Amino acid sequence: MTYKIIGDDLPNIPWQDKPAGCNGVMWRHDANPIIDWNPIECAARVYNSAVVPFKGAYVGVFRSDYKNGRPHLHFGRSSDGLHWEFEPDAIAWVDKQGEPFQPSYAYDPRVVKIDDAYYITWCTDYHGATLGLGMTKDFQTFTRLENPCVPFNRNGVLFPRKVNGQFVLLNRPSDSGHTPFGDIFLSHSHDLEYWGKHRHVMGKGGQGWWQGTKVGAGPIPIETNAGWLMFYHGVSGTCNGLVYSIGAAILDIDEPWKVLYRTRDYLLTPERDYETRGFVPNVAFPCAALTDAQTGRIAVYYGAADTYSAVAYSQVDELVDYIRENSEVF
Ligand code: BMA
């Protein structure tokens, strides 16, 4: 392997080999969607969610849209990363004093382990949509920290380690609605409370109409010997609404606001019924990835049609090689 993941081994990562006849570098789990309509009594749809390995199995923070339409976060467990059981009630957040501190809505979570703690970012309400940030060590007590940004902002994604001694947060300034624009920025912090040294990472456009309206970071960036591998969503505006596809970029390891390579074409776009039909058709929205350093296997979790949860696979050596060979940076 020329290109390698720098990280832990995960021998029980969900995995299927690339099917015969597939000429892409990302392929879908053949039993998608892994989470169907109405998976919990209170929730109509569970999608755009985040999973991490935990004590030999998997846990996750799941976007659960209630039957009144409002999204909340639910904790879930799985032994294989594919079959999930969810807590019936939303995660009960507390503030640093241990007092209840529940967001009025919460969606599109990401989860990252940094040292001995798990940090959760999500889109929350503070006089408009902005990023929420919380921490847990045991997935039993969930403590909210200061919101990193003022409104409006979405798609907050922390790096899995400090870079040059600072925490790094990808984020996407937005508006109060469905945001017809959007570039990915990056901010630094010494303490996860005060954020600054803001840098522009990448914008929409180039030759690729699939990412011509806006872009937003997806799963936690994956450290490789070629740089940070960042999956992202690219959005196209059509007569029939927005279409969300999945692309990827390689960011400089020490200066991660510098894009070294970036997919000219999408890696995955809505094609299957569970991606093209649902509450919001034509959405593939990645929020998490599991990786196995030993084999270079990557399992990407993405929300499909704002209705389902789905998984797609890739192999780091082939993927990084493809991105480098088919790159357009602008
Ligand atoms: C974005 C977010 C996502 C959603 C997507 C498509 O603005 O709200 O949660 O998946 O739109 O509807």
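Nothing here was measured: the structure is a model prediction, and the numbers come from that model. All values below come from the heavy atoms of this structure, side chains included, with hydrogens, waters and symmetry mates left out. Start at 1 and go down the list; that is how both ligands and their atoms are numbered.
- The nearest heavy-atom contact from the protein to atom 3 (C) of ligand 1 is Asp108 OD2, 3.2 Å.
- For the pair Lys162 and Phe167, the cation-pi criterion (under 6.0 Å, within 45° of the ring axis) is fulfilled.
- Numbered from 1 in the order shown, with element, the atoms of ligand 1 that lie under 4.0 Å from a heavy atom of Val280 read 12 (O).
- Atom 8 (O) of ligand 1 has its closest protein heavy atom at Tyr107 CE1, 4.0 Å.
- Among the atoms of Asp306, some N or O lies under 3.5 angstrom from an N or O of ligand 1.
- Of the protein's heavy atoms, Tyr244 OH, 3.4 Å lies nearest to atom 1 (C) of ligand 1.
- If you look at Tyr244 and His233, their ring centroids are closer than 6.0 Å.
- Between Tyr302 and Phe231, the ring center distance fails the sub-6.0 Å criterion.
- Geometrically, ligand 1 and Asn48 share a nitrogen or oxygen pair separated by less than 3.5 Å.
- To the nearest 0.5 angstrom, Gln166 atom CD is 6.0 Å from Lys197 atom NZ.
- Contact analysis puts Arg63 in contact with ligand 1, with a non-hydrogen atom separation below 4.0 angstrom.
- Using a 4.0 Å cut-off between heavy atoms, His178 makes no contact with ligand 1 at all.
- Remark: the Trp93 side chain and the Asp95 side chain contain no N/O donor-acceptor pair separated by less than 3.5 Å.
- Side-chain atoms of Asn32 and His29 include no donor-acceptor pair closer than 3.5 Å.
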